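Worth knowing before you read on, the calculation uses all heavy atoms, side chains too, and leaves out hydrogens, waters and symmetry mates. Nothing here was measured: the structure is a model prediction, and the numbers come from that model. Note on naming: letters A, B, ... go to the chains in the order of the sequence lines (proteins, then strands), and numbering restarts at 1 for each one.
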Protein chains: 4
Amino acid sequence: MNAVSAAQEHQNRPVPRPKRKSGGKVKRMPREVRERQMLDAAVEVFARRGYSAASMDEIAELAGASKPLVYLYLNSKEDLFSACIRREAEALMTAVRTAADPGDRADRRLWHALRAFFAHTAEHPAGWAVLSCQARTHGEPFALVVAGLRQQIADLVTQLIAESVRDAACAAPLDEKEVSGLAHALVGAAESLAGWANATAQAGPAAPAARETAATLMNVAWVGLENLVNGRRWAPVRS
Amino acid sequence: MNAVSAAQEHQNRPVPRPKRKSGGKVKRMPREVRERQMLDAAVEVFARRGYSAASMDEIAELAGASKPLVYLYLNSKEDLFSACIRREAEALMTAVRTAADPGDRADRRLWHALRAFFAHTAEHPAGWAVLSCQARTHGEPFALVVAGLRQQIADLVTQLIAESVRDAACAAPLDEKEVSGLAHALVGAAESLAGWANATAQAGPAAPAARETAATLMNVAWVGLENLVNGRRWAPVRS
Amino acid sequence: MNAVSAAQEHQNRPVPRPKRKSGGKVKRMPREVRERQMLDAAVEVFARRGYSAASMDEIAELAGASKPLVYLYLNSKEDLFSACIRREAEALMTAVRTAADPGDRADRRLWHALRAFFAHTAEHPAGWAVLSCQARTHGEPFALVVAGLRQQIADLVTQLIAESVRDAACAAPLDEKEVSGLAHALVGAAESLAGWANATAQAGPAAPAARETAATLMNVAWVGLENLVNGRRWAPVRS
Amino acid sequence: MNAVSAAQEHQNRPVPRPKRKSGGKVKRMPREVRERQMLDAAVEVFARRGYSAASMDEIAELAGASKPLVYLYLNSKEDLFSACIRREAEALMTAVRTAADPGDRADRRLWHALRAFFAHTAEHPAGWAVLSCQARTHGEPFALVVAGLRQQIADLVTQLIAESVRDAACAAPLDEKEVSGLAHALVGAAESLAGWANATAQAGPAAPAARETAATLMNVAWVGLENLVNGRRWAPVRS
DNA sequence: GATGAATGAGAATTCATTCAT
DNA sequence: TATGAATGAATTCTCATTCAT
């Protein structure tokens with residue numbers, strides 16, 4: 001099982017969206033399953049409306065459960081949001097980490113990580129929206145989780161860049177802070193591209209888009225990095 | 001007038017934050033001034049709380065006006081938000097455009113545009129927060145304005161890249177979609193770097209940070225772009 | 001103006017209970033008036049239903065205002081309850097204190113105080129219910145106010161008893177603790193009698209009942225006190 | 001068996017508070033035992049929170065049973081409350097009646113009854129709280145039970161007083177209503193003194209407090225009563 | 001006998017919005 | 001121009017109560 005398909009694993013798979021209101025008797029199901037449905041619904045609604053505009057009513061309805069049940073299992077709107085963020089962050093991180101399979105060259109690992117990132121965000125647009133937009137704007141506890149995620153990814157990238165540089169036995173070793181900055185730029189670029197890719201091509205399937213997007217980024221960043229490593233820089237007043 | 005100072009122009013400069021609650025009759029002021037105060041307050045509050053969590057009460061209080069007056073001038077919460085977005089988008093766009101002063105080499109123009117972007121967003125964090133986070137998540141009308149802004153910036157960048165390419169008389173012409181993606185990557189990287197730069201070194205004033213940030217970005221992107229233009233690309237299966 | 005009529009002063013006097021829902025336009029009134037109506041309604045409802053069973057909806061409706069207005073003026077259910085208790089406690093205390101007019105013999109002052117107590121509780125059964133039943137059962141803040149009221153009354157009674165004893169130049173001076181116990185017993189008896197009087201004779205007018213009740217109490221307590229002062233006590237094993 | 005120990009009989013003696021949550025299968029127990037546990041828990045919770053604020057959840061948890069079981073045995077919250085009141089009222093009544101053992105002089109019987117009353121309420125504060133505060137404020141059905149209890153006690157006291165009067169072969173026969181009022185005053189004083197005694201000296205065990213309290217009360221009331229019986233009254237305008 | 005799963009109904013509280021002055 | 005007074009319509013959250021097992 002590769003990273004991408006693994007990443008898709010975590011959401012409403014065989015559990016059919018239950019229909020309520022349609023006369024039938026109450027659908028009994030184990031707590032675990034219900035909870036997943038609720039999280040799925042919550043991610044969807046939070047993504048669509050934003051944290052405060054999302055209503056527990058809508059979430060419950062989309063989850064096919066009653067509000068009291070949502071509260072019974074997930075305690076409060078805040079806890080629910082928190083659970084969403086944690087789940088989505090973990091899923092994304094797992095996807096990316098799994099893809100950056102050790103035992104390959106550093107540039108290829110970065111390439112795979114990028115592809116996994118784009119693929120995952122494309123597959124889970126709602127989750128990505130929650131992580132990238134909603135979570136950042138709602139108070140410490142949430143923002144911290146997202147910041148942690150960012151840091152983890154940036155660390156991974158930093159490490160990959162450092163490895164490549166070591167591989168390349170470059171002449172001018174990079175400043176650590178510069179590498180870190182680079183990693184953040186890359187992550188930011190990736191995030192932005194993810195959003196853009198989602199917005200631009202919502203028609204076609206996800207994989208090709210992920211591939212292209214990753215390629216674009218690699219084209220700029222990696223080659224730029226090589227030049228950087230070789231000491232060739234752009235300077236504001238050059239020539 | 002340079003880009004940075006122009007960017008600062010649009011917000012409450014000499015108009016003192018009005019003191020209410022201190023008894024006495026109300027300070028009559030021309031509509032224009034009051035409206036600006038309201039928009040300033042609204043941007044601040046929308047940035048801090050998000051669109052739906054922002055309350056008209058808080059905005060009115062911060063603006064030093066009564067709620068009915070806010071409604072009289074700005075009609076509704078939605079209109080108010082819309083006005084905020086438009087104003088902030090215009091200000092940012094103006095700052096960037098003004099900085100990319102024609103009559104210079106394309107790479108230098110991009111450099112200045114980047115600097116202006118960083119400087120403006122650093123100077124107006126609330127405005128930037130509204131544009132980058134809040135506006136995207138609230139239904140067509142708002143998202144459209146922001147999309148328009150993004151498009152304008154991307155267009156500008158695209159144009160600058162294109163000019164450089166023409167300057168370089170490159171062999172392999174770039175795919176338009178690729179250029180657009182590049183622009184988005186650049187903007188995303190810029191955003192991410194802005195945040196990172198802010199977090200890393202919060203001591204110094206904004207301008208130097210903007211300069212460094214822009215430099216880091218140019219180091220990677222521009223050189224990478226040159227290579228790209230010259231047909232040298234990274235390929236997943238290379239070597 | 002005597003104590004009893006003064007005590008009646010504080011509640012919905014000339015303000016007519018406003019009729020809502022009856023088509024008419026919104027009744028504008030100064031905040032002070034509205035607030036009093038709300039407190040009146042709240043006392044009524046809290047007395048009828050108890051703190052937790054009382055619904056803000058019912059209170060608002062009885063006050064002839066909308067719920068938001070109640071919240072605007074009185075903040076929260078808890079604050080509203082607190083305000084009720086404070087107002088009622090103060091009113092009762094004032095009535096009793098005013099009646100125990102200094103410049104009279106101690107036994108007569110006690111007599112008047114008792115009458116005022118019975119008259120006031122009879123005139124404001126809801127207020128008395130809130131003070132005597134509801135407030136005691138709902139957490140420190142409320143209970144404290146009521147405890148304070150009790151203490152004030154007990155202190156007053158203690159003082160009156162002490163004065164009488166001094167007047168009587170009694171042979172065996174009473175233990176301070178015993179006097180205090182006496183005062184509490186008297187207050188408790190008064191409270192109980194107030195409740196009983198309310199329950200028993202709801203038909204007739206209030207004043208006569210108050211007079212009779214007070215007389216009964218004085219008959220037992222005062223004479224008993226005299227005997228006590230004179231050293232004649234009942235003893236469990238006496239003869 | 002004396003009154004005090006009889007009074008303690010009615011609550012969870014050897015049945016240990018059941019431990020739930022610790023895995024393992026449920027302890028099957030005879031209905032009778034379970035029901036008593038439930039009532040005990042309910043009295044506790046009703047006393048602590050008041051009728052409406054008490055939640056069936058909390059009661060069930062404290063009783064160590066599941067909510068459906070509570071409903072199976074006790075039908076509804078209202079029925080449960082009703083059962084609590086009935087049980088506590090009966091227990092208190094039994095304690096008092098048992099103590100007022102016929103075959104003794106009337107004043108001594110009253111003395112024992114008072115002691116039993118104080119002892120029982122001190123031993124079962126929750127039960128007493130439910131009876132004295134909660135029950136009175138919740139609609140006919142409950143209030144009636146409590147009124148019945150009050151009446152029984154008042155009747156008992158009235159009867160004892162009457163007997164004494166007969167013993168004393170008094171000149172001026174007492175008005176029935178006056179006697180009843182007296183009984184209520186006595187009970188109220190007792191209640192108040194119970195609270196005050198509890199608050200003043202929380203160190204010692206209950207019995208001594210009960211003894212003292214009863215003595216204080218008898219000192220005032222009984223002697224006062226004797227005087228009353230003998231026609232010596234306090235009069236508002238006397239001397 | 002015993003319970004995990006589930007909910008309809010209603011609680012407090014807030015908010016955007018409007019009059020009447 | 002400016003505002004104190006007022007509210008309909010949500011929103012979050014809780015609770016008594018019931019099934020299906």
Using the ring-ring contact (aromatic ring centres under 6.0 Å, His included) criterion, which residues pair with A:Phe81? Sequence neighbours excluded.
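Result, ring-ring contact (aromatic ring centres under 6.0 Å, His included) vs A:Phe81: A:Phe46, A:Tyr51, A:Phe142.
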
To the nearest Å, how far apart are A:Met56 CE and F:dT11 P?
12 Å

Looking for any heavy atom pair under 4.0 Å, which part of the strands does C:Ser52 touch: base, sugar-phosphate only, or nothing?
nothing

Atom-to-atom span, CG of B:Leu72 to P of F:dG4 - whole angstrom:
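Those two atoms, CG and P, are 15 Å apart.
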
Which whole-number value in Å describes the distance from B:Glu35 CD to F:dA2 C1'?
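Rounding to the nearest Å, CD of B:Glu35 and C1' of F:dA2 are 15 Å apart.
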
Partner residues of D:Tyr71 under the ring-ring contact (aromatic ring centres under 6.0 Å, His included) criterion, sequence neighbours left out:
none

Does any N or O donor sit under 3.5 Å from an N or O acceptor when you compare the side chain of C:Lys67 with the base of E:dT13?
yes

Report the residue (B:Ala53 or C:Ala53) whose heavy-atom-nearest nucleotide on DNA chain E is the more 5′ of the two.
C:Ala53

Which one of A:Met38, A:Glu35, A:Gln37, A:Arg34 satisfies the side chain to side chain contact (heavy atoms under 4.5 Å, CB included) criterion with A:Val70?
A:Met38

Do B:Leu72 and B:Leu69 make a side-chain contact, defined as non-hydrogen atoms from C-beta onward lying under 4.5 Å apart?
yes

Let's see if you can work this out: which of F:dT12, F:dA16, E:dT7 has an atom nearest to the side-chain heavy atoms of A:Lys77?
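Selected nucleotide (nearest to the side chain): F:dT12.
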
Does C:Arg87 reach the side chain of C:Asp40, with side-chain heavy atoms less than 4.5 Å apart?
yes

Euclidean distance, atom CE of residue D:Met38 to atom P of E:dA2 [Å, nearest integer]
8 Å

Atom CE of A:Met29 and atom C1' of F:dT21: how far apart are they, to the nearest Å?
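In whole Å, F:dT21 C1' and A:Met29 CE are 16 Å from each other.
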
Out of curiosity, D:Met56 CE to D:Lys77 NZ, how far, rounded to the nearest 0.5 Å?
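Atom-to-atom, D:Met56:CE and D:Lys77:NZ are 7.5 Å apart.
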
Does OP1 or OP2 of E:dA6 have a side-chain N or O of A:Arg31 closer than 4.0 Å?
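The answer is no; no side-chain N or O of A:Arg31 sits under 4.0 Å from OP1 or OP2.
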
Residue A:Arg28, side-chain heavy atoms: nucleotide from E:dT13, F:dA16, F:dA20 that is nearest:
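Selected nucleotide (nearest to the side chain): F:dA20.
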
Report which part of the nucleic acid B:Ala60 touches: base, sugar-phosphate, or nothing (heavy-atom distance under 4.0 Å, all strands).
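Nothing: the residue B:Ala60, judged by heavy atoms under 4.0 Å, touches no strand.
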
Duplex segments of DNA chain F, taken as runs of at least three Watson-Crick or G-U pairs that stay under 3.5 Å
E:2-21 with F:2-21

In whole angstrom, give the distance that lies between atom CZ of C:Phe81 and atom P of E:dT13.
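About 14 Å, once rounded to whole Å.
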
Verify the contact: side-chain N or O of A:Tyr71 to OP1 or OP2 of E:dT7, cut-off strictly under 4.0 Å; return yes or no.
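So the side-chain polar atoms of A:Tyr71 never come under 4.0 Å of the phosphate oxygens OP1 or OP2 of E:dT7.
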
Flag the pair B:Glu88 / B:Val130 as yes when at least one side-chain heavy-atom distance between them is below 4.5 Å, and no otherwise.
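B:Glu88 does not reach B:Val130 side chain to side chain.
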
Is there a side-chain contact between C:Leu80 and C:Asn75, using heavy atoms and a 4.5 Å cut-off?
no

Identify which nucleotide among E:dA20, E:dA6, F:dC15 has an atom closest to any side-chain atom of A:Ser66, counting heavy atoms from C-beta outward.
E:dA6

Select from A:Pro68 and B:Asn75 the residue whose nearest nucleotide in DNA chain E is closer to the 5' end of that strand.
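Result: A:Pro68.
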
Between C1' of E:dG8 and CG of A:Leu69, the distance in whole Å:
13 Å

Nucleotide E:dT7, atom P - distance to CG of D:Asp57 in whole Å
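It works out to 16 Å between those atoms.
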
Are any of B:Arg34's side-chain N or O atoms less than 4.0 Å away from OP1 or OP2 of F:dA2?
yes

